[in-house]
Amino acid sequence: MGNDRHLTIDEICADLDIARSTFYEWRAKRRAPRCIKLPNGDIRIRRTEYERWLASHEEAA
């Protein structure tokens, strides 16, 4: 699928070392990366969206 594959919530949580509940809190507060809700209810995040979201939270050194 290349660089724009879709990540699962578990993959995002593992990468950020956060609990799944934290991700859902961020999502409820619109602080999480934009998500795609699949017809079966599963949620995915585009890798490019996740990388953009991470970059937007970088602090200047």
Side-chain angles (χ1 to χ4, degrees):
M1 278 195 244
N3 191 34
D4 202 29
R5 82 175 192 89
H6 297 89
L7 302 168
T8 65
I9 292 174
D10 287 340
E11 289 172 320
I12 298 287
C13 291
D15 190 54
L16 296 174
D17 194 25
I18 61 170
R20 194 176 177 93
S21 59
T22 300
F23 180 86
Y24 281 111
E25 278 181 39
W26 291 354
R27 189 164 184 249
K29 294 175 182 176
R30 298 190 174 277
R31 294 183 179 165
R34 289 187 329 194
C35 301
I36 300 166
K37 190 167 189 177
L38 302 177
N40 66 358
D42 286 352
I43 294 173
R44 297 289 184 271
I45 299 95
R46 285 188 180 93
R47 179 177 295 279
T48 53
E49 169 59 20
Y50 178 56
E51 291 171 358
R52 183 207 59 78
W53 179 83
L54 281 177
S56 75
H57 287 82
E58 286 182 1
E59 293 184 2

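Given the structure is predicted, the values throughout are model-derived calculations rather than measurements. Only heavy atoms go into these numbers, but all of them, side chains included; no hydrogens, no water, no symmetry mates.
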Backbone N or O of Thr8 within a donor-acceptor pair of the Glu11 side chain at under 3.5 Å? yes
Within a reach of under 6.0 Å around CZ of Arg20, are more than 12 heavy atoms found that belong to other residues, nucleotides or ligands? yes
Among Leu16, Asp10, Asp15, which one satisfies side-chain contact (heavy atoms from CB on, under 4.5 Å) with Ile12? Leu16
Using 30° and 60° as the class boundaries, would you call the ring planes of Trp53 and Tyr50 parallel, tilted or perpendicular? parallel
Please report the shortest heavy-atom distance between Arg34 and Ile45, naming the atom on each side. O-CG2, 3.7 Å
Taking atom CG of Asp17 as the centre, report whether more than 12 heavy atoms of other residues, nucleotides or ligands fall under 6.0 Å from it. no
What I'd like to find out is whether the side chain of Leu7 reaches to under 4.5 Å of the side chain of Arg46, using heavy atoms alone. no
Starting at NE2 of His6, measure out to CD of Glu49 and round the result to the nearest 0.5 Å. 10.5 Å
Can Cys35 and Arg27 be said to form a side chain to side chain contact (heavy atoms under 4.5 Å, CB included), step by step? CA-CA 9 Å; Cys35 301; Arg27 189 164 184 249; 3.5 Å; yes
Where is the tightest heavy-atom contact between Tyr24 and Ile9, given as atom of each residue plus distance? OH-CD1, 3.2 Å
Identify the two heavy atoms, one from Cys13 and one from Ala19, that lie closest to each other, and give their separation to 0.1 Å. SG-O, 3.9 Å
Hey, are the side chains of Phe23 and Pro33 touching, using non-hydrogen atoms and a 4.5 Å cut-off? yes
